[in-house]
Amino acid sequence: MSSIIHRIKTGFHRDLLQNPETHAWVLNLYRAGEGYPQHANDYFPYEHFEDKKITNQLKTHAQEEKKHEAFFTKLIRDMGEPLLEFKGPDIFNYAVKNFTPINFKIEIADSTETKRLKLAHFLIHAHFLEKRVAQSLLYHQEACNHEGKQKIAETINLIYQDELNHVKLTWNLATELLANAELETFKALHQKAEAKANLSFSQHQVRQFIRLKTNGLSRYRRACYMVYSQLMNMAVPYA
């Protein structure tokens, strides 16, 4: 099954690059995710957290997300394509949070214990989200290399390397904040939320892609993507 999914994702990202509109569209989706923390009131909730080491690391992480948004903005503008603004379920971060029954926002009145738990929840949420984004970027980098778009591939690789560091950082910080039993409980909750969100978000975006590229896909590939989208939608409750 994993090899089939790998082939589908590889083909999907290569298809995205077949015209500037769909390529810019997916770059805009990445851009929306990188820009989301600046508009959310519960991302990087370090304002009232006392541990300066963790606070400084999260500040750096947040700055790198902002830098990534700027990278994607430049790529899209260099292609001569418009910047698109997405809301709600078209932003992967939002989709994951929609399946996550936890509020990360730290209030000044929260106890030290509540702050610890909220920050740990955010970190593990971010860990699985960043891990999925890194996997997606790797597919997109491969597609760019395959289609001879080396400059874009180089930028994607810079972002990918940062995301790998974020995957490690968020997990390491979470392990500092949580006991082993807590860690396993939090891990199960957020891993499940991200898995459900990934299926829900992906099936929605595959359908969006089909609508964008009505004239550029063969009937066979369009049918394959429609079936793939439906299967993902059906799998959401079981993830």
Side-chain angles (χ1 to χ4, degrees), residues 27-73 83-137 159-178 182-183 186-187 189-198 200-201 204-205:
L27 293 177
N28 270 296
L29 288 174
Y30 286 129
R31 174 178 170 269
E34 300 292 346
Y36 180 79
Q38 299 175 57
H39 309 291
N41 66 4
D42 60 353
Y43 253 53
F44 298 105
Y46 52 73
E47 294 90 347
H48 307 301
F49 199 73
E50 293 82 2
D51 189 316
K52 295 304 179 184
K53 173 192 169 186
I54 292 179
T55 294
N56 289 335
Q57 288 176 307
L58 288 175
K59 283 181 179 178
T60 299
H61 186 168
Q63 289 166 357
E64 288 176 346
E65 299 294 334
K66 192 173 182 179
K67 177 185 71 175
H68 297 166
E69 182 186 20
F71 282 163
F72 282 118
T73 297
L83 298 177
L84 306 177
E85 300 301 328
F86 295 110
K87 295 182 179 180
D90 282 313
I91 303 176
F92 187 53
N93 315 58
Y94 178 96
V96 178
K97 280 176 60 178
N98 196 44
F99 285 94
T100 305
I102 299 294
N103 175 23
F104 312 132
K105 183 175 173 56
I106 293 179
E107 307 288 352
I108 193 168
D110 285 339
S111 67
T112 301
E113 176 68 359
T114 298
K115 291 176 183 177
R116 177 181 74 88
L117 295 174
K118 283 184 176 180
L119 184 56
H121 272 298
F122 167 74
L123 288 166
I124 299 181
H125 157 85
H127 169 77
F128 286 109
L129 186 150
E130 299 277 24
K131 188 175 182 180
R132 186 74 67 177
V133 170
Q135 291 171 346
S136 180
L137 288 171
I159 300 170
Y160 169 72
Q161 296 300 328
D162 279 349
E163 300 295 25
L164 288 184
N165 289 333
H166 295 165
V167 171
K168 295 177 183 177
L169 172 67
T170 50
W171 184 257
N172 289 340
L173 291 180
T175 60
E176 291 181 24
L177 290 171
L178 297 172
E182 290 176 320
L183 185 63
F186 282 34
K187 175 184 174 182
L189 186 154
H190 292 286
Q191 190 170 28
K192 182 176 182 178
E194 190 281 328
K196 286 180 176 292
N198 179 59
S200 177
F201 179 83
H204 175 65
Q205 300 307 332

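A search for ring pair (Phe, Tyr, Trp, His ring centres under 6.0 Å) contacts involving Tyr94 returns nothing, not counting sequence neighbours. Take Lys66 and apply the salt bridge (charged side-chain N to carboxylate O under 4.0 Å, His left out) test, not counting sequence neighbours, and it matches no residue. Applying the ring pair (Phe, Tyr, Trp, His ring centres under 6.0 Å) rule to Phe186 yields the partners His121; only residues at least two apart in sequence or on another chain are considered. Contacts of Phe104 classified as ring pair (Phe, Tyr, Trp, His ring centres under 6.0 Å), with partners at least two apart in sequence or in another chain: Phe122, His125. By the salt bridge (charged side-chain N to carboxylate O under 4.0 Å, His left out) test, Lys118 pairs with Asp110, sequence neighbours left out. Among residues two or more places apart in sequence or in another chain, the side-chain hydrogen bond (donor to acceptor under 3.5 Å, both in side chains) test is passed with Gln191 by none. Residues satisfying the side-chain hydrogen bond (donor to acceptor under 3.5 Å, both in side chains) test with Glu182, not counting sequence neighbours, are Arg116. Residues passing the ring pair (Phe, Tyr, Trp, His ring centres under 6.0 Å) test with Phe71: none are found, sequence neighbours excluded. With sequence neighbours excluded, the residues that form a salt bridge (charged side-chain N to carboxylate O under 4.0 Å, His left out) with Glu194 are Arg132. Applying the side-chain hydrogen bond (donor to acceptor under 3.5 Å, both in side chains) test to Lys131 and every residue at least two apart in sequence or in another chain returns nothing. Here Glu107 pairs with nothing under the side-chain hydrogen bond (donor to acceptor under 3.5 Å, both in side chains) rule; sequence neighbours left out.
Side chains of His61 and Glu65: a donor-acceptor N/O pair is present below 3.5 angstrom, by distance only. Judged purely by distance below 3.5 Å, without hydrogens or angles, the side chains of His166 and Glu163 pair a donor atom with an acceptor atom.
Side chains of Thr100 and Leu189 form a contact here, defined as non-hydrogen atoms less than 4.5 Å apart. No side-chain heavy atom of Ser136 sits less than 4.5 Å from a side-chain heavy atom of Phe92. Taking the side chain as every heavy atom from C-beta outward, Leu183 and Trp171 approach each other to under 4.5 Å.
In this structure, Leu169 CG and Asp162 CG are separated by 11.0 Å, a value rounded to the nearest 0.5 Å. We find the CG-CD1 distance between Leu178 and Ile124 to be 5.5 Å, quoted to the nearest 0.5 Å. Note that CZ of Phe128 is 6.0 Å distant from NZ of Lys187, once rounded to the nearest 0.5 Å. Here the straight-line distance linking atom CD of Glu130 with atom CG of Asn93 works out to 8.0 Å at 0.5 Å rounding. To the nearest 0.5 Å, atoms NE2 (His190) and CG (Leu123) are separated by 9.5 Å.
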> Going through the distances and angles, do Tyr30 and Ile159 end up as a side chain to side chain contact (heavy atoms under 4.5 Å, CB included)?
Replying inline: CA-CA 11 Å; Tyr30 286 129; Ile159 300 170; over 6 Å; no
>> Assess the residue pair Asp51 and Leu177 against the criterion (side chain to side chain contact (heavy atoms under 4.5 Å, CB included)); give the C-alpha distance rounded to whole Å, side-chain angles, the decisive distance to 0.1 Å, and a yes or no.
In response: CA-CA 11 Å; Asp51 189 316; Leu177 290 171; 6.0 Å; no
>> Between Thr60 and Asn56, does the side chain to side chain contact (heavy atoms under 4.5 Å, CB included) criterion hold? Intermediate values first, please.
In response: CA-CA 6 Å; Thr60 299; Asn56 289 335; 5.6 Å; no
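Among residue pairs with one or both ends in residues 85-106, those qualifying as salt bridge (Lys or Arg N to Asp or Glu O under 4.0 Å) are Arg31-Glu85, Asp42-Lys97; sequence neighbours excluded.
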